[in-house]
Amino acid sequence: MTSIPTTFNAADFEDRLYALWSKSGAFQPKDHDDKEAFTLMMPPPNATGTLHLGHATMLAIEDIIVRYKRMQGHPTLYLPGTDHAAIATQSVVEKKLQEKGVKNPLEELGREAFLKEIRDFVEVSKSTIKKQTKKMGTSCDWSRECYTFSDELNHAVNTIFQMMYEDGLIYRGGRIVNWDPKMKTTVSDDELEYVEEKAKFYYFKYGPVVIGTARPETKFADKIIVVHPDDKRYQNIIGKEFEVEWIEGKINARVIADECIDPEMGTGAMTITPAHSFVDFELAQRHKLEAPQIIDFDGRIKPEFSKACGGMQIKDAREAVVKMLDEKGLLVKVDENYVHNIALNYRGKAVVEPQVMDQWFVDVNKPVINWKDKKSSIKDVLQDVVLSGMIRLVPERFNKVYFHWIDNLRDWCISRQIVWGHRIPVWYKDGEIKVQPKSPGKDWVQDEDTLDTWFSSGLWTFSTLGWPNKTRDLERFAPSTVLETGYDILFFWVARMIIQSTYAMRKSGYSEEKSIPFKDVYLHGLIRDIHGKKMSKSRPETCIDPLDMIKKYGTDAVRLSLVIGSTPGNDMRLYEEKIAGFRNFVNKIWNGARFVLMNLEGKEREIKVEELTRSDKWILTRLNEVIESVTNKLDNYAFSEAGLIIYDFFWGEFCDWYVEMSKVTKNESVLSYVLKTSLKLMHPFMPFVTEAIWVSLNEDKMLIISEWPKVNPKWNFPSASDEMDRVMQVVREIRKLRSESKVPAAKKIHCIIYAHEDKDLINDKAEIIKRLANLCALDISKTGERVNKALSAFVGDVEIYLPLAELLDMEAEKARIEKEIDSLQTYLTSLEKKLSNEAFIKNAPASVVEKERVKLKDAEQKLLKLRVQIDELCK
RNA sequence: GGGCGCAUAGCUCAGUUGGUUAGAGCGUCUGGUUUACACCCAGAAGGUCAUAGGUUCGACUCCUAUUGCGCCCACCA
């Protein structure tokens, strides 16, 4: 025993234990479905690099849930994987190639060679991520590992694309997109960065109205004036046509009305440029107007619209147009202090120009999904699954954000002009279109574009189980029990998964309940540095690398530091000292266990009630309470609280009190039982240290698959808890008096300690007193007779009496208790009144009534206690 | 502009349906090598629970308003 080191060196155990678990098959779901299956799909990390704190948090939380469910005996599937992360990966590789001198990889290498470069890079990244995932202790089923760009998932992507196309959900159409004229690619909304800019705002005379604009260079072909339908100033011109003097001669303009116009803004009238503004484009669609392209894809004015400005860059054209209009006397005024946001591509920071382009879209409004006996649209289904409670968001407040997002949802643009990704399974020949994965024959040319990465990762929950095949896994493990992810991708990913899963699974004939991707969605917060700032690669000093921390403090400490102090949906700050603190706890567990192990020496037997001392009864009762509340917290995704409960129990109660007392009298069976049960409770949080200790306990089953503890009703001794509370109170009072130095020695505190009658249990009374003195930080020199008015308590089987008068200001105490009794009395009457109200009993749910009864009982007991206390005081 | 969140000890944070004297870790200070642990033990200082009202016998907790910080969405023609 003495050979066990006094500190837990995590590195000595982690890899070995992980291999042991993995080899035992514990990570795979057991084969028999005696209980409901538990499924959690790991959100696949991008195959672009290394594990960061976001991943680490995700893995820590997920592994806690999974280990807990596994110990409860559910067949548990935790499926890992990686994401090909279209744009992100491609740009990483592009950057690497550029460093090597390849400026434009696609043109210089060709599509195939470029793809190969990316594939090679991804292979390396994937294995890096996998290794790092294992370091976190993640107990996922590697035999089912998936990749969003594997052949199988590509098949699933093509299948759903084809299905949606045939259902008319996917269509090709001219739509306005964000175009980066510098990088020559579309940019998705979430890759935009808005920068505030002070610009000039011009007012021009335009026929019968004055229009305001910050972008005169787009106005060459504007022929439509829009005003608000209720705007009194313009009532008489709505619907009329005018000949208007404009930039380069006269044009015909028409006035239309639309509610989207803000009468307060500018002059309340504007002209529209549908091809280069999102709002204008939508407006044009509504009114079935044309959308001519004024600015080409290089960011120049197209010559056919302007003789003078054709070929000019936007910036130059703007000045030129203003000058021309000014010379014609059409410039009314210029507002120099106009502030607005301009959109930049966050990669490259080029100003994004809205352009109309042919893209592939998913229609979110077309009612073609069979959902609860009617044809529903994607929007309808998205709304229904959360509204009906089939899918629950944790924390609940995200419901509101989610619904708001659906209300504003536009058709989903799924095509991207990049190389790395699922190629759109569409083929063209002489104006003909075919949608299928493989080439229909010679002369057919495949669409150059690839699919939005979320289109494919939206299939994650069911394609990984074998869809479109009807597999046993799909039967057993769909839908996922929980999805755990960061709230920042609620829309990008969570919503897409709901779209894809409900559509595809219904299409394959599964029920609505089976078709949802998951039941609960747990959204964790972002990890920030100690100042609350985002950790960013550009400021390495703010970054904490989880792998460095694992090296330094061990995985268990890192996991705890990511989970404790974190609540769903809220960001959390992390700093090294916090991790160090939990390393200390891990070490405390190790040493607590060492002590128990040293004292066992084969002496443990069945626990017999008649042999239990008061402190045994107390710790067993407390343990029951801890089992109950930890289980309860875990069931409600309150990981932080669950962790804290077990932390406080193990350190503050088991080690600080029970273990100390067992140096006086010990019950090996109880020591061992409490230790083992605690290890089980702590295992989901700290798998390594707990399993490492478990191994030296010579159990036949590994801890990872041992049974989750249950409350043992035999070992509930409510009075023991009260007595122990009193011990602690007494001891603390002694310590307090002592530390205040008001009472320098035992002389003034008539502290009387004596052993109980059955001295057989305690042989060496002097030793006990020494121990107790130690516990109380008190020199005890005197033992003696009982005192009447005293607080009494037991430590082990030793009773301590403390004269009350020394401890308390009697009068103040009495007043306090009396006040409380008074308040309780009122409370009781109000409760009784409520419970005797027939309408309440009838109408309120049974559970609420029951709770009220419990409250009443609690209050009655409290009152009783207070009365006893006050009686004692009055004696 | 619309929405959401946060505000509790010097710092980082808990505090689930309102109920004894508001907690923890870190940091600071004091004292301690005791059949595991100095990555330890014991103790202390430190709080008007952002502010102002309201509901209640009772509010950190519920309601209203205000202030400060953070985030998301929309986007200003």
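Residue-to-nucleotide proximity on RNA chain B shows that, of A:K588 and A:G569, the 5′-proximal contact is made by A:G569. Along RNA chain B, the nucleotide nearest A:N408 and the nucleotide nearest A:R397 are compared for position; the residue whose nucleotide lies closer to the 5' end is A:R397.
Among the protein residues, A:T567 comes within range of the sugar-phosphate backbone only, with heavy atoms under 4.0 Å from sugar or phosphate atoms but none that close to a base. Nucleic acid contact class of A:N636 (heavy atoms, under 4.0 Å, all strands): none. Across all strands shown, A:A269 has no heavy atoms under 4.0 Å from either base or sugar-phosphate atoms. Residue contacts for A:T6: at a heavy-atom cut-off of 4.0 Å it reaches the sugar-phosphate backbone alone, with no base atom in range. Nucleic acid contact for A:R583: base, since at least one base atom lies under 4.0 Å from a heavy atom of the residue. As judged by a 4.0 angstrom heavy-atom cut-off over every strand, A:S566 is placed among residues making no nucleic acid contact.
Here A:F688 and A:F13 keep their ring centres 6.0 angstrom or further from each other. A:F398 has its ring centre no less than 6.0 Å from the ring centre of A:W405. With ring centers used as reference points, A:F582 lies 6.0 Å or more from A:F685.
Distance check on atom C1': B:C76 versus B:U17 gives 44 Å, rounded to whole Å. Rounded to whole Å, the P atom of B:C62 lies 30 Å from the corresponding atom of B:C26. When the P atom is used for both B:G15 and B:A9, the distance is 15 Å, rounded to whole Å. Remark: the separation of the P atoms in B:G47 and B:G54 is 27 Å, to the nearest Å. For the C1' atoms, the distance from B:G25 to B:U20 is 26 Å, rounded to whole Å. Remark: the separation of the P atoms in B:G70 and B:C63 is 25 Å, to the nearest Å. Between B:C4 and B:A22, the distance separating the two C1' atoms is 27 Å to the nearest Å. For B:G1 and B:U61, the C1' atoms lie 32 Å apart once the distance is rounded to whole Å.
With hydrogens and angles ignored, no donor-acceptor pair under 3.5 angstrom links the side chain of A:K400 to the base of B:C4.
In this structure, CG of A:L283 is placed 15 Å from C1' of B:C76, rounded to the nearest angstrom. For the pair A:R594 CZ and B:A38 P, the interatomic distance rounds to 9 Å; values are reported in whole Å. In this entry the distance linking CH2 of A:W405 with P of B:C4 reads 19 Å, nearest Å. Remark: C1' of B:A36 and CD1 of A:I693 are 11 Å apart, rounded to the nearest angstrom. The CD1 atom of A:I527 sits 13 Å away from the C1' atom of B:C13 (whole-angstrom rounding). B:C73 atom C1' lies 14 Å from atom CD1 of A:I406, rounded to whole Å. In this entry the distance linking CD1 of A:I579 with P of B:C13 reads 14 Å, nearest Å. At whole-Å resolution of the value, CG in A:L675 and C1' in B:C37 are 14 Å apart.
Closest of all the heavy-atom pairs between A:V332 and A:F204 is CG2-C, 3.9 Å.
In the set B:C39, B:A36, B:A14, the nucleotide with an atom closest to the side chain of A:T7 is B:C39. In this structure, the nucleotide among B:C73, B:A36, B:A42 sitting nearest to the side chain of A:D656 is B:A42. The side chain of A:C655 has B:A36 as its nearest neighbour among B:G5, B:C73, B:A36. Looking at the side chain of A:V279, the nearest of the listed nucleotides B:C37, B:G15, B:C75 is B:C75. Across B:U12, B:A36, B:C71, the shortest atom-to-atom separation from the side chain of A:R528 is found for B:C71. The side chain of A:R573 lies closest to B:U12 when the candidates are B:U12, B:C39, B:C75.
In summary, the side chains of A:N584 and A:N587 do not present any donor paired with an acceptor at a separation below 3.5 Å, with no hydrogens or angles considered. For the 3.5 Å distance criterion, the side chains of A:H228 and A:D258 fail to qualify, holding no donor opposite an acceptor. For the residue pair A:D280 and A:H276, no side-chain donor N or O sits within less than 3.5 Å of a side-chain acceptor on the partner.
Contact of the A:W246 side chain with the A:L325 side chain is registered, since non-hydrogen atoms from C-beta on lie closer than 4.5 Å.
Using a 4.0 Å cut-off on heavy atoms, the residues of residues 553-565 of chain A that approach RNA chain B are A:G565, listed by number.
Here A:E576 pairs with A:K552 under the salt bridge (charged side-chain N to carboxylate O under 4.0 Å, His left out) rule; sequence neighbours left out. Taking the side chain to side chain contact (heavy atoms under 4.5 Å, CB included) definition, one finds that A:S678 meets it with A:L623, A:F649, A:F650, A:V674, A:M682, sequence neighbours left out. A:T567 is linked by a side chain to side chain contact (heavy atoms under 4.5 Å, CB included) to A:N570, counting only residues two or more places apart in sequence or in another chain.
Of the possible polar contacts, none joining the A:N591 side chain to the A:R594 backbone as a donor-acceptor pair under 3.5 Å is found.
Here CD1 of A:I272 is found 7.5 Å from CG of A:D222. Values are rounded to the nearest 0.5 Å. Put simply, CZ on A:F654 and NZ on A:K588 are 11.0 Å apart, with the number rounded to the nearest 0.5 Å.
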Discussion item. Each nucleotide in nucleotides 22-30 of chain B should get exactly one letter: B, S or -. Can you fill that in based on protein heavy atoms under 4.0 Å?
Written reply: ---B-----

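Taken together, the paired segments of RNA chain B that extend over three or more consecutive Watson-Crick or G-U pairs, each closer than 3.5 Å at both contacts, are B:1-7 with B:67-73, B:10-13 with B:23-26, B:28-32 with B:40-44, B:50-54 with B:62-66.
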